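Report on the following structure.
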Amino acid sequence: MSNVYPICRPRRLRRSDSLRAIFQETEVRIDDLVLPIFVEENVSDYMPVSVMPGVMRIPESRLAFEIERCAKTGIKSVMTFGISHHMDEVGSDTWNENGLVARMAQICKHTVPEMIVMSDTCFCEYTTHGHCGVVHDYSVDNDATLVNFGRQAVVAASAGADFISPSAAMDGQVQAIRTALDDAGFYETAIMAYSTKFASAFYGPFREAGGTALKGNRKTYQMNPMNRREAIRESLLDEQEGADVLMVKPAGAFLDTIRDIREATHLPLAAYQVSGEYAMIKFAAAAGAIDEQQIVRETLGAIKRAGADIIISYFALDIAEQGF
Ligand code: PBG
């Protein structure tokens with residue numbers, strides 16, 4: 001009686017830590033990560049975001065301190081979100097030269113000039129109705145919103161933002177921003193477009209973190225999560241309009257889309273591990289169901305493996321502080 005031997009034995013390369021390390025195909029580096037931060041004006045205290053354990057709204061008066069702290073841990077890039085006390089129908093504070101969008105960029109760049117500042121460019125946190133643009137007849141007016149996009153982009157760029165990151169999912173937003181920036185002489189200011197942005201329930205916790213007033217939903221401007229071809233088309237349109245970096249958002253449930261877009265373009269690709277993805281990991285870990293650090297490694301690793309070059313993640317600071 002003879003034994004049967006497998007011809008191939010992949011286990012040979014998994015026998016030790018060293019073997020596993022040298023044959024690892026994908027790596028996530030601190031340099032790949034962007035930390036989103038929430039900054040609130042006119043308050044003196046930090047405010048914990050109950051649905052995102054570990055995340056705080058930073059009072060504007062502490063922003064300089066926090067940016068310095070981030071820089072010391074090795075964080076190279078932040079994405080700024082403002083919690084406004086100056087909301088109106090159109091979100092005009094976003095294009096006020098002394099408004100919160102401008103001040104966040106100024107404070108970050110003044111404190112740590114080498115920090116890459118990505119200015120989330122939208123209106124929903126600055127409008128009384130919480131929609132991402134100008135509302136006419138119960139619907140968001142695309143082209144009226146584009147004009148305001150240009151204004152906000154120029155104000156953010158002149159305040160020092162390195163990247164304008166439009167997230168309102170309006171048609172033509174990248175072109176409108178590129179034109180406005182170039183007309184104002186901001187040729188070096190880059191655009192990281194939220195180019196494939198799904199209308200996703202994974203943004204749930206962000207609504208509390210960002211203090212948005214929205215009652216309805218964003219399905220007339222953000223994409224149907226069930227659409228694969230449209231997801232590729234949306235990103236390719238933003239490439240044609242002059243985006244420097246594309247993005248898929250959310251990340252974890254859309255790894256196939258990340259791969260599709262990676263193969264359809266040569267532009268750098270970002271992916272946003274959003275508030276709901278963060279919250280699910282945090283709450284499951286707090287309940288003792290999963291190992292947080294390993295799950296973070298796996299989820300971020302999967303996002304890179306799918307084809308993302310950079311990842312926007314609320315875990316960025318933990319990783320920078322504690323290692324990966
Ligand atoms: C603004 C914006 C949102 C997020 C980033 N920019 C909210 C939304 O589109 O509803 C979500 C980020 C997250 O959930 O972590 N438009």
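Note that the structure is a prediction, hence the values are computed from the model and not measured. All heavy atoms count here, side chains included; hydrogens, waters and symmetry mates do not. Numbers here simply count residues along the sequence, with the first being 1. Numbering of ligands and ligand atoms starts at 1, following listing order.
Under the 30°/60° scheme for interplanar angles, the aromatic rings of Phe198 and Phe254 are found to lie parallel. Ring geometry for Tyr221 versus His131: interplanar angle over 60°, hence perpendicular rather than tilted (30 to 60°).
Arg207 counts as a contact of ligand 1, since one of its heavy atoms falls under 4.0 Å from the ligand. A heavy-atom separation below 4.0 Å is found between Cys124 and ligand 1. Put simply, part of Gln222 is less than 4.0 Å from ligand 1, judged by heavy atoms.
Considering each of Phe206, Tyr221, Tyr314, the one bringing a non-hydrogen atom nearest atom 7 (C) of ligand 1 is Phe206.
Atoms of ligand 1 found under 4.0 Å from any heavy atom of Phe81, numbered from 1 in the order shown, are 5 (C), 6 (N). Near Lys249, with a cut-off below 4.0 Å to any heavy atom, the atoms of ligand 1 are 2 (C), 3 (C), 4 (C), 5 (C), 6 (N), 11 (C), 12 (C). Heavy-atom contacts of Tyr272 reach the following atoms of ligand 1: 12 (C), 15 (O) (cutoff under 4.0 Å). Contact atoms of ligand 1 toward Lys197: 1 (C), 2 (C), 3 (C), 6 (N), 8 (C), 9 (O), 16 (N) (distance under 4.0 Å to a heavy atom of the residue). In summary, the atoms of ligand 1 found under 4.0 Å from a heavy atom of Arg218, numbered by their order in the structure, are 8 (C), 9 (O), 10 (O).
Both the backbone and the side chain of Ser167 come within contact range of ligand 1, each with a heavy atom under 4.0 Å. Of all the heavy atoms of Cys122, the ones lying under 4.0 Å from any atom of ligand 1 belong exclusively to the side chain. Here Thr212 has no heavy atoms under 4.0 Å from ligand 1, in either its backbone or its side chain. Residue contacts with ligand 1, taken as heavy atom pairs separated by less than 4.0 Å, do not involve Tyr278 at all.
What sits closest to atom 14 (O) of ligand 1 on the protein, heavy atoms only, is Ser275 OG, 2.7 Å.
Salt bridge status for Lys282 with Glu292: present, with a side-chain N to carboxylate O gap under 4.0 Å. Under 4.0 Å is where a charged nitrogen must lie from a carboxylate oxygen, and between Glu60 and Arg103 at least one such pair does.
Judged by the 6.0 Å distance and 45° axis criteria, Lys249 is positioned over the aromatic ring of Tyr203.
Two rings, from Phe38 and Phe206, have their centers less than 6.0 Å apart.
For the pairing with Ser92, the side chain to side chain donor-acceptor pair (under 3.5 Å) check across Asp88, Thr94, Asn96 returns one residue only, Asp88. Put simply, the residue from Glu40, Arg57, Glu66 that forms a side chain to side chain donor-acceptor pair (under 3.5 Å) with Tyr46 is Glu66.
Using modelled atom types, one finds a donor on one side chain and an acceptor on the other under 3.5 Å when comparing Asp120 with Tyr194.
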